[in-house]
K.L.:
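There's a structure below that I have some questions on.
Not measured: the values here are computed from a predicted model. First the proteins, then the strands, lettered A, B, ... as listed; each starts at 1.
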Number of protein chains: 2
Amino acid sequence: MLKVRDAMEIKSRLWIEKEGKPFIGFGRIKLLKEVEKTASISAAAKTLKMSYKKAWNLLNDMDKIAKQPVLVKNVGGKNGGGTEVTEYGKTLIQKFERLNTNCIKFLEEEFHQLDL
Amino acid sequence: MLKVRDAMEIKSRLWIEKEGKPFIGFGRIKLLKEVEKTASISAAAKTLKMSYKKAWNLLNDMDKIAKQPVLVKNVGGKNGGGTEVTEYGKTLIQKFERLNTNCIKFLEEEFHQLDL
DNA sequence: TATCGTTATATCTAAGTAAATATAACGGTT
DNA sequence: AACCGTTATATTTACTTAGATATAACGATA
């Protein structure tokens with residue numbers, strides 16, 4: 001017998017590492033998307049209610065690990081500068097989100113034919 | 001062109017919640033397996049280098065959430081007592097580990113046909 | 001050359017979490 | 001009844017991590 005409403009739900013988090021160090025994951029992709037939208041690290045940090053330092057650290061670590069540049073940062077100049085997400089960075093967002101979506105779908109299917 | 005050795009690797013963590021509260025996940029299942037092996041919370045905590053309190057809390061929370069008892073705890077008596085994992089608890093271990101294995105396999109396949 | 005908002009970076013403070021410590025309760029065994 | 005090793009629980013301490021704060025560097029623009 002199947003229950004109509006089962007409060008149990010499967011959750012998952014996935015991320016990609018390079019040599020044991022985190023490269024991209026849920027939080028970094030969310031941040032990267034916000035940078036893409038605002039073209040600014042500080043603005044992205046603000047909307048995500050995250051300190052600028054933390055955002056900068058996350059993005060910088062990611063950029064150092066990536067085989068191609070993820071960000072183009074401009075210091076000074078018009079409006080103080082800003083940060084753009086490269087085409088490579090945009091593909092990272094797309095690929096990670098697709099992977100995550102597929103994983104969730106897979107897990108939902110597997111989980112629903114389980115009785116805990 | 002495919003690289004022979006790509007240091008990038010996909011990682012995942014999955015867990016099951018009930019009404020927003022964690023039910024079982026990587027750490028709890030690992031602990032539960034150790035309790036099954038040693039028939040003792042304190043012994044399991046010691047081998048996993050975890051404080052008894054933390055182990056007890058994790059197991060107790062899990063047990064409270066489960067629809068059936070996961071543990072049979074004996075206080076006092078021969079050897080001070082001990083803790084046994086119920087048949088239901090054993091099925092939880094099996095099902096979670098199978099789910100996790102399947103998920104990893106799925107992600108590996110998806111990930112390997114990705115170029116980051 | 002003064003201004004502005006950003007990136008870049010260090011340092012200090014706070015908070016949340018884990019760990020350590022202590023102690024009570026328990027009930028077969030001796 | 002005393003002992004033992006466990007479960008059960010509270011309280012205190014330590015630590016790691018996150019957050020706040022401060023400040024320098026930058027370079028187009030006016």
K.L.:
For DNA chain D, whose closest nucleotide is more 5', that of B:K46 or that of B:N60?
P.N.:
B:K46
K.L.:
Could you tell me which non-hydrogen atom of B:T86 sits nearest to which non-hydrogen atom of B:P69, and how far apart they are?
P.N.:
OG1-O, 2.7 Å
K.L.:
With sequence neighbours excluded, what pairs up with A:D61 under the salt bridge (charged side-chain N to carboxylate O under 4.0 Å, His left out) test?
P.N.:
A:K64
K.L.:
If you check every side-chain atom of B:Y52, which of D:dA8, D:dT6, D:dT29 has the closest atom?
P.N.:
D:dA8
K.L.:
OP1 or OP2 of D:dT7 less than 4.0 angstrom from a side-chain nitrogen or oxygen of B:T83, does that happen here?
P.N.:
yes
K.L.:
Side chains of B:I93 and B:E36: does their closest heavy-atom pair fall under 4.5 Å?
P.N.:
yes
K.L.:
What's the separation between atom CZ in A:F111 and atom CG in B:L99, rounded to the nearest 0.5 Å?
P.N.:
8.0 Å
K.L.:
Please check the phosphate of C:dG5 (OP1 and OP2 only) for any side-chain N or O of A:S40 closer than 4.0 Å.
P.N.:
no
K.L.:
B:I41 has an atom CD1; how far is it from atom P of D:dG5, in whole Å?
P.N.:
18 Å
K.L.:
To the nearest angstrom, how far is B:N79 atom CG from D:dC3 atom P?
P.N.:
18 Å
K.L.:
Tabulate protein N/O versus nucleotide N/O from nucleotides 11-20 of chain D, keeping only pairs under 3.5 Å, one per line.
P.N.:
{"residue": "D:dT11", "atom": "O4", "partner": "B:K53", "partner atom": "NZ", "Å": "2.9"}

K.L.:
Is B:R28 salt-bridged to B:D63, cutoff N-O under 4.0 Å?
P.N.:
no
K.L.:
Let me confirm one number: the NZ-CG distance from A:K54 to A:L59, rounded to the nearest 0.5 Å.
P.N.:
12.0 Å
K.L.:
B:N57 CG to C:dT17 P: how many Å, rounded?
P.N.:
13 Å
K.L.:
Could you list by number each residue of residues 22-39 of chain A showing a heavy-atom separation from DNA chain C of less than 4.0 Å, or answer none if no residue does?
P.N.:
none
K.L.:
Rounded at 0.5 Å granularity, tell me how far NZ in A:K33 sits from CD in A:Q94.
P.N.:
10.5 Å
K.L.:
Going by salt bridge (Lys or Arg N to Asp or Glu O under 4.0 Å), name the pairs with one or both residues in residues 73-95 of chain A, residues two or more places apart or in two chains.
P.N.:
A:E87-A:K90
K.L.:
Let me know the distance between CD of A:E84 and C1' of C:dT6, rounded to the nearest Å.
P.N.:
14 Å
K.L.:
Provide, to the nearest angstrom, the distance between the CG atom belonging to B:D61 and the P atom belonging to C:dT17.
P.N.:
14 Å
K.L.:
Less than 4.0 angstrom between a side-chain N/O of A:W56 and OP1 or OP2 of C:dT7, yes or no?
P.N.:
no
K.L.:
Any side-chain donor paired with an acceptor under 3.5 Å for B:S42 and B:S40?
P.N.:
yes
K.L.:
Nearest whole Å is fine: how far is D:dA28 P from A:K78 NZ?
P.N.:
12 Å
K.L.:
For the atom pair CG (A:L107) and CD (A:E109), what is the distance rounded to the nearest 0.5 Å?
P.N.:
9.5 Å
K.L.:
What N/O pairs connect the protein and nucleotides 24-26 of chain C at under 3.5 Å? Give each pair on its own line.
P.N.:
{"residue": "C:dC26", "atom": "O2", "partner": "B:G76", "partner atom": "N", "Å": "3.2"}

K.L.:
Sequence neighbours left out, what passes side chain to side chain donor-acceptor pair (under 3.5 Å) with A:E110? Give chain and number order.
P.N.:
B:N102
